[in-house]
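Report on the structure given below.
Naming: A, B, ... by sequence-line order, numbering from 1 per chain. A quick note: this is a predicted structure, and the numbers were derived from the prediction, not measured.
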Amino acid sequence: MAGRKFYLTTAIDYVNARPGLHHAYEKTGADALARFHRQRGDEVFFLTGTDENATKNEQAAKEEGLTTRELVDRNAAEFQRLCQVWAISHDRFIRTSVDKDHKKGVQEFVRRWVENGDVYPSTYEGLYCTRCEAFYEEDDLVDGRCQFHPNNPDAVQRVKEENYFFRLSRYQDALRELYANDPGFTVPDIRRNEVLGWFERGLRDVSVSRGRNLEWGIPWPGEPGHTIYVWFDALINYVTGIGFGTDEKTFARWWPADVHVIGKDISRFHCIYWPAMLLAAGVPLPKRVFVHGFLENRAGRLSKSSGNTIDPFDFATAYGVDAARYLVLREAPFEKDSPISTDAFAQRYNADLANGLGNLVSRTLAMVARYFDGSVPAPCEGASERAVREVAEAALRDHDAAAEKLAFADALAAVFTLVDEANKHFQRTQPWQLAKDPAKRAALGGSLYAGLEAVRIVAYLLAPYTPGTSARIAEQLGVPAPDAARWAEVAKWGVLREGHRVRAGEALFPRLETPTAAA
RNA sequence: CGCGGGAUAGUGGAGCGGCACCACGUCGGGCUCAUAACCCGAAGGACGAAGGUUCGAAUCCUUCUCCCGCAACCA
């Protein structure tokens with residue numbers, strides 16, 4: 001796969017609240033995939049950003065005594081800071097209310113619908129919650145109030161307006177065909193099955209504009225007073241972010257997306273609406289939509305509306321960025337829902353990072369320093385060394401197979417089989433005993449060499465998840481930084497040369513003595 | 001009967017027709033190079049409830065209970 005282009009996206013985030021751990025989770029998963037592909041030699045474009053054109057931002061701003069612009073800028077900055085703190089390596093952070101190319105591209109996209117006869121005006125009358133920005137049926141309301149905003153008596157209003165509707169129904173057969181021909185379009189299967197279920201109930205045309213002379217939002221082309229419904233403007237970011245409607249050369253280079261990484265709550269939009277929207281605009285479809293699961297705790301799911309989020313900035317500070325990234329991806333398999341808890345994170349930190357990886361690096365380099373004065377000994381492969389080598393070779397294979405599928409918990413587990421094997425290897429060969437007998441010098445060197453190679457390979461394999469730590473280990477080993485190394489040259493056993501200098505460093509992951517206090 | 005997913009050792013998971021497995025935690029032992037870390041061993045569950053199919057069921061079927069998600073708020 002070396003040398004191919006790889007374009008991936010995350011969902012863009014609503015700016016009506018602060019970032020939660022779930023935002024960091026999605027971005028970290030996507031980031032690990034981006035870094036994984038770069039490391040294997042692919043050319044990667046990684047897009048993330050904020051979804052800023054929701055009308056509710058106007059109201060939220062009013063309540064805080066700010067202009068809409070001020071509120072949106074302030075909150076968008078928090079999401080950008082999140083990306084910095086969590087070491088997200090995106091190539092572009094798109095802002096839908098700011099970036100001119102987005103606005104222009106969206107209007108071009110809609111213009112194509114119009115040309116294609118896929119939108120038509122129609123009168124819509126119904127109960128509209130201005131807080132949700134959604135229409136509801138009478139049955140959905142509780143005492144005449146929105147069930148999600150019961151404290152806002154004025155939130156629900158009866159509105160009647162001219163809207164443009166998108167002919168979603170026209171694409172039902174094309175979408176069925178897509179799902180029949182390409183079972184991998186939506187993964188994992190559990191999410192695909194949900195999508196198939198939606199088809200069974202049929203697809204209705206959807207309103208894609210708002211006609212209430214809104215100040216905020218992207219104007220409908222040639223139709224003053226109408227704005228493009230925020231959901232549709234948001235989805236189009238995936239093409240405008242790489243030049244659709246403004247830079248066709250760049251667009252042609254990156255599109256179609258190799259994968260859209262999203263949460264399961266918005267799979268309807270990405271798995272049904274988005275492909276139909278693209279078909280209507282005459283744009284090729286993305287290759288895959290990966291629907292990740294949710295972080296859950298006993299207080300219920302983590303979400304903006306329930307307000308039980310773990311602060312992602314505090315979390316990263318408490319554990320360190322690399323550990324934080326490792327913990328969310330290891331504890332919460334990307335492909336499904338997972339319960340999380342601060343206790344589980346803390347235990348995982350000590351077990352895997354402090355006692356496992358950190359201690360292995362520490363003991364290995366300490367022994368090389370003590371017994372060989374920091375100079376790499378000659379390889380000397382006995383039964384134990386061979387076992388380590390074989391586990392390393394399996395880890396390289398198994399990691400990549402899992403990472404390709406975005407199964408990061410499995411991918412990380414594969415890497416840690418090598419950490420465990422190296423620790424067992426030292427117990428088997430007992431270099432501290434061999435060191436007492438000058439006649440066993442070669443065996444001693446061989447044991448430590450195998451340990452060093454294990455550490456080196458682990459560091460490279462973990463680079464997509466723990467970029468800072470991997471770089472530190474590479475530095476201690478005096479080998480090329482993970483960002484700079486050619487994968488084919490480092491991803492194999494036996495690269496370190498006899499006499500090469502290595503040095504011990506500070507503890508990579510200090511053990512937490514009171515685990516529960518960490519977060 | 002709106003659709004879908006679950007219920008397995010203290011916790012989190014795997015297994016999905018044939019001796020109930022893994023990780024963490026706990027307990028006991030060993031080692032001493034290392035971040036009181038590492039290694040070895042043990043205890044602990046008969047798999048939500050009831051019924052059925054089968055030589056044999058966490059694993060298939062039926063009913064039930066309880067969770068969760070979706071059904072134009074939400075990653």
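The one candidate from A:Tyr465, A:Phe408, A:Phe294 that meets the ring pair (Phe, Tyr, Trp, His ring centres under 6.0 Å) condition with A:Phe334 is A:Phe408. When each of A:Phe290, A:Trp274, A:Tyr179 is tested with A:Phe185 by the rule ring pair (Phe, Tyr, Trp, His ring centres under 6.0 Å), just one qualifies, namely A:Tyr179.
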Find every protein N or O atom lying less than 3.5 Å from an N or O atom of nucleotides 31-37 of chain B, and list the pairs.
from	atom 1	to	atom 2	distance (Å)
B:C31	O2'	A:Trp432	NE1	3.4
B:U32	OP1	A:Gln433	NE2	2.5
B:C33	O3'	A:Arg370	NH2	3.4
B:C33	O2	A:Arg363	NE	3.0
B:C33	N3	A:Arg363	NE	3.4
B:C33	N3	A:Arg363	NH2	2.4
B:C33	N4	A:Arg363	NH2	3.1
B:A34	OP1	A:Arg370	NH2	3.2
B:A34	O3'	A:Ser362	OG	3.2
B:A34	O2'	A:Asn359	OD1	2.5
B:A34	O2'	A:Ser362	OG	3.1
B:A34	N3	A:Asn359	ND2	3.3
B:A34	N3	A:Arg363	NE	3.2
B:U35	O2	A:Phe509	O	3.3
B:U35	O2	A:Arg511	N	3.1
B:U35	N3	A:Phe509	O	2.9
B:U35	O4	A:Gly358	O	3.2
B:U35	O4	A:Leu508	N	3.3
B:U35	O4	A:Phe509	N	3.3
B:A37	OP1	A:Arg511	NE	2.9
B:A37	OP1	A:Arg511	NH2	2.6
B:A37	O5'	A:Arg511	NH1	3.3
B:A37	O2'	A:Asn355	O	3.3
B:A37	O2'	A:Asn359	OD1	3.4
B:A37	O2'	A:Asn359	ND2	2.9

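Rounded to whole Å, the C1' atom of B:C16 lies 10 Å from the corresponding atom of B:C60. B:A36 sits 45 Å from B:G18 when the C1' atoms are compared, rounded to a whole Å. Between B:G41 and B:A58, the distance separating the two C1' atoms is 28 Å to the nearest Å. Using atom C1' as the reference point in both B:U59 and B:U8, the two lie 11 Å apart (nearest Å). Spacing of P atoms, B:C40 relative to B:G4, comes out at 46 Å, to the nearest Å.
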Item to check | Dot-bracket line, read 5' to 3' along RNA chain B, where crossing pairs take [ ] and | marks a partner on another strand, Watson-Crick or G-U under 3.5 Å | outcome: .(((((((.[[[[.)..(..]]]].(((((.......))))).....[[[[[..)....]]]]])))))).....
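Here B:A43 is in the anti range [glycosidic angle more than 90° from 0]. Base orientation of B:A46: syn, the glycosidic angle falling within 90° of 0.
Spacing between atom CZ of A:Arg330 and atom C1' of B:C22 amounts to 11 Å, rounded to whole angstrom units. Atoms CG (A:Asp189) and C1' (B:G6) sit 17 Å apart, rounded to a whole Å. Atom P of nucleotide B:C22 and atom CG of A:Asp398 are separated by 18 Å, given to the nearest angstrom.
The stretch residues 444-456 of chain A does not touch RNA chain B, since none of its heavy atoms comes less than 4.0 Å from the strand.
Residue A:Lys336 places at least one side-chain N or O under 4.0 Å from the OP1 or OP2 atom of B:A14.
Ion pair A:Asp31/A:Lys27 not flagged as a salt bridge, since none of the NZ, NE, NH1 or NH2 atoms sits closer than 4.0 Å to an Asp/Glu carboxylate oxygen.
Ring geometry, A:Tyr171 versus A:Phe166: the interplanar angle falls under 30°, so the pair is classed parallel (tilted spans 30 to 60°). Between A:Phe232 and A:Tyr229, the angle of the ring planes lies from 30° to 60°, which puts this pair in the tilted group. Using the six-membered ring where Trp is involved, A:Tyr238 and A:His270 have ring planes that are tilted, between 30° and 60° apart.
Note that CG of A:Asp13 and CG of A:Leu82 are 8.0 Å apart. Values are rounded to the nearest 0.5 Å. Note that the CZ atom of A:Phe345 and the OH atom of A:Tyr326 stand 12.0 Å from one another [nearest 0.5 Å].
Aromatic ring centroids of A:Tyr319 and A:Phe509 lie 6.0 Å or more apart.
Nearest heavy atoms, A:Ala422 versus A:Ala454: CB-CB, 3.9 Å.
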